[in-house]
Structure formats: C-alpha cells, structure tokens
Number of protein chains: 2
Amino acid sequence: MIPSQMLKGLLEGAILEVIRGNETYAYEISNHLETFGFGEISEGTIYPIILRLQKNQYITGENRPSPSGPKRKYYRLTPAGFDYLDTFKTDWHKLQSAMRNLLKGDDGV
Amino acid sequence: MIPSQMLKGLLEGAILEVIRGNETYAYEISNHLETFGFGEISEGTIYPIILRLQKNQYITGENRPSPSGPKRKYYRLTPAGFDYLDTFKTDWHKLQSAMRNLLKGDDGV
DNA sequence: GCTAGTATCTTGCAATACAATATAGTCAGG
DNA sequence: CCTGACTATATTGTATTGCAAGATACTAGC
C-alpha cells in the first residue's frame, strides 16, 4: 500500500507511539499498525526496530506468559522514550508543514 | 531540522512536484526546498535523485546558458512523471491518514 | 503426530540521504 | 591578471533502514 521507502524513519516513532498508547508486544504492534492504515508491517521490520529502541533505552521489556502461545515481551516507554517521541512528533509536524507549502500551489490539475 | 531519515522516499516526489510547478534546475531546486521548510538539501542529495528521475524517464533535461555561471540543466516532467507524481501524492495522503489515526488518541499529555 | 496460529529473533539485501570531493564557468576587487 | 566567492553539475563512499526469508519454539485442535 504505502511504499516502504516512504515509511523509513517514521516506523520507529510510530511504534513508540503505539507502545505509549498501551503497553504491548511486538506481534501485536504489527496488527495495530495495519489497523491504522500503514499496511502490513512484517516481523523482519518490527523486531529490529524494537531491539534498536531497547538498545537506545527508549523502551524497556518484560516477559509475561501468553494464554495461547510462547511468552510475550511487553514494552513500555522510558522517560527518554517520551522525550524522543516528542521530538519525533515535532519533526513530523515540520514535515507536514513543508509538504503542505510544497503542494499549496497544486490545484488538482 | 527535519531528520534526513524522515525524508527518505519523500524527496523524490517533492523534487518532482517542484519541477512540475515551474521548469527549473537542480541548483535552484535546492533553494526552493529550503524555502518550503525542508531544511538545507545538499547537492549530494539532489543530483543523484535528479539522475534517477531522468533514468526512469520521469523528467527530461535541456541545457541552457546561465546569465551568471556555468550552463544550467532545466528539467520538465514527462507524462510518466505526471503519473508517478499522482501516485506519490496519493501515497502521501495515505501516510498522513495513517499517522492521523495513530496520533488521534494523543491529547498532548 | 501434524498442522495452524502465536511469538521472537537473525541474516542478507536494496534503497536512499548525505558528506566529501572534483570540476568548471562568471565576476568583482585588489 | 589572479584570487576568492558564487554559481552549477556530478561522483564516490558510508550509514541507516525496511523487509523478505528463514530459524526457533510454544500451544491447541484434529
């Protein structure tokens, strides 16, 4: 749907925002993102990002048993994670603003 | 300003849109983008994209003398370029929509 | 036991923004 | 005349990142 090149640099923030909304685990994040309209974000995408976020100490993980399957790792934001997410949202708004300026002259020809 | 990772996959479409707006050349596009709020997009970024767009036959170039400097290469869109730009804009709207859904629950806490 | 669904993780690849660098034309000041 | 600043195009190498493909493993139903 949305080309993957366009998502670069956004998924990290998007995943952070999903985790902020409600404590969750990787497998479920994938489903959440699809619901929002990002298309199917595969595991090969999710897990490296999660590990990166953890390495940068933006999230912390906690193992918990699942009612139907292997253990899940639930994540939540650290204070640094909240800060990073704020920066991300600010940057996103800047990007939207720049694109709006760019497309302003476009009257749907 | 806007982190470069966030621009990946967007600059190609943005440059195409700038060229659509008025026939122009690479050096000037860089200035235009800065005006719109994309920050300083350097030549190492612009030229590879221009060459790629040309290789994919989305734009065609024409040399013309400059009143003050080396020759300029003015670009304009091909029909395929217009098509590609339409697709790009559609994808951009999808992305905005997905981000809007994602951030909807966020009441600025 | 086998299959399907759930769940995490790793490897290797392709795309892309950008710094750094090279080349060269024009023009003003000294 | 020549040096520096501005204009202008192009290439090379690097870091980041999304993703396909595959490995591993737990649970439940047939």
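The analysis underlying the following values was restricted to heavy atoms, covering all of them including side chains, and did not include hydrogens, waters or symmetry mates. Proteins come first, then strands; the chains are lettered A, B, ... in the order of their sequence lines, and each starts at number 1.
When atom types are taken as modelled, the side chain of Ser30(A) and the backbone of Ala26(A) share no donor-acceptor pair closer than 3.5 angstrom.
By the criterion of side-chain heavy atoms lying less than 4.5 angstrom apart, applied directly or through intervening Ile, Leu, Val, Met, Phe, Trp or Tyr residues, Leu10(B) is not grouped with Met1(B); the two fall into different hydrophobic clusters.
Once rounded to the nearest 0.5 Å, the distance linking CG of Leu103(A) with CZ of Arg20(B) reads 8.5 Å. Here the CD-CH2 distance, from Glu17(B) to Trp92(B), works out to 12.5 Å after rounding to the nearest 0.5 Å. Summarising the geometry, atom CZ belonging to Arg76(B) is positioned 12.5 Å from atom CG belonging to Asn22(B); distances are rounded to the nearest 0.5 Å. To the nearest 0.5 Å, the span separating OG1 on Thr90(A) from NE2 on His93(A) amounts to 7.0 Å.
Within 4.0 Å of Ser66(B), counting heavy atoms only, lie sugar-phosphate atoms of the nucleic acid but no base atom. Contacts of Ile46(A) with the nucleic acid, taken as non-hydrogen atoms under 4.0 Å apart, are absent.
From the 5' end on, the contacts that DNA chain C makes with chain A at under 4.0 Å to a non-hydrogen atom open and close at dT6(C) to dT16(C). You can see that DNA chain D meets the heavy atoms of chain B within a 4.0 Å-exclusive cut from dT7(D) to dT17(D), reading 5' to 3'.
Contacts of Thr24(B) classified as side chain to side chain donor-acceptor pair (under 3.5 Å), with partners at least two apart in sequence or in another chain: Glu28(B). Applying the salt bridge (Lys or Arg N to Asp or Glu O under 4.0 Å) test to Lys94(B) and every residue at least two apart in sequence or in another chain returns Asp91(B). By the side-chain contact (heavy atoms from CB on, under 4.5 Å) test, Thr35(B) is found to be paired with no residue, residues two or more places apart in sequence or in another chain being considered.
When all heavy atoms are compared, the tightest approach of Leu33(A) to Ala14(A) is CD2-CB, 4.2 Å.
Mapping Lys8(A) and Pro48(A) onto DNA chain C via the closest heavy atom, the residue that lands nearer the 5' end is Pro48(A). Each of Gly44(A) and Tyr25(B) has a nearest nucleotide on DNA chain D; the 5'-most of these lies closest to Tyr25(B).
Here the side chains of Phe88(A) and Met6(B) are in contact, with some heavy-atom distance below 4.5 Å. Counting heavy atoms from C-beta on, the side chains of Ile15(A) and Tyr75(A) never come closer than 4.5 Å. Contact check for Leu102(B) versus His32(A): no side-chain heavy atoms found under the 4.5 Å cut-off. The closest side-chain heavy-atom distance from Met99(B) to Gln96(B) is not below 4.5 Å. No side-chain heavy atom of Asp83(A) sits under 4.5 Å from any side-chain heavy atom of Pro79(A).
For residues 49-57 of chain B, proximity to DNA chain C is found at Ile49(B), Arg52(B), defined as any non-hydrogen atom under 4.0 angstrom from a strand atom. Near DNA chain D, defined here as any heavy-atom distance below 4.0 Å, the residues from residues 68-76 of chain A are Gly69(A), Pro70(A), listed numerically. Sorted by residue number, the members of residues 31-43 of chain B with any non-hydrogen atom under 4.0 Å from DNA chain D read Glu43(B).
Legend: salt bridge (Lys or Arg N to Asp or Glu O under 4.0 Å) pairs involving residues 29-38 of chain B, not counting sequence neighbours: none detected.
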Revision key, fill the gap. Base-pair string, DNA chain D, Watson-Crick plus G-U, cut-off 3.5 Å on both distances, | for inter-strand, is ||||||||||||||||||||||||||||||
N/O donor-acceptor pairs under 3.5 Å from side chains in residues 56-73 of chain A, not counting sequence neighbours:
| unit_1 | atom_1 | unit_2 | atom_2 | d |
| --- | --- | --- | --- | --- |
| Arg64(A) | NH2 | Glu23(A) | OE1 | 3.1 |
| Arg64(A) | NH2 | Glu23(A) | OE2 | 3.3 |
| Ser66(A) | OG | Ser68(A) | N | 3.0 |
| Arg72(A) | NE | Tyr25(A) | OH | 3.3 |
| Arg72(A) | NH1 | Tyr74(A) | OH | 3.0 |
| Arg72(A) | NH2 | Tyr25(A) | OH | 3.3 |

Side chains of residues 38-54 of chain A: which donor-acceptor pairs under 3.5 Å do they make with residues two or more places apart or in other chains?
| unit_1 | atom_1 | unit_2 | atom_2 | d |
| --- | --- | --- | --- | --- |
| Arg52(A) | NE | Glu12(A) | OE1 | 3.2 |
| Arg52(A) | NH2 | Glu12(A) | OE1 | 2.6 |

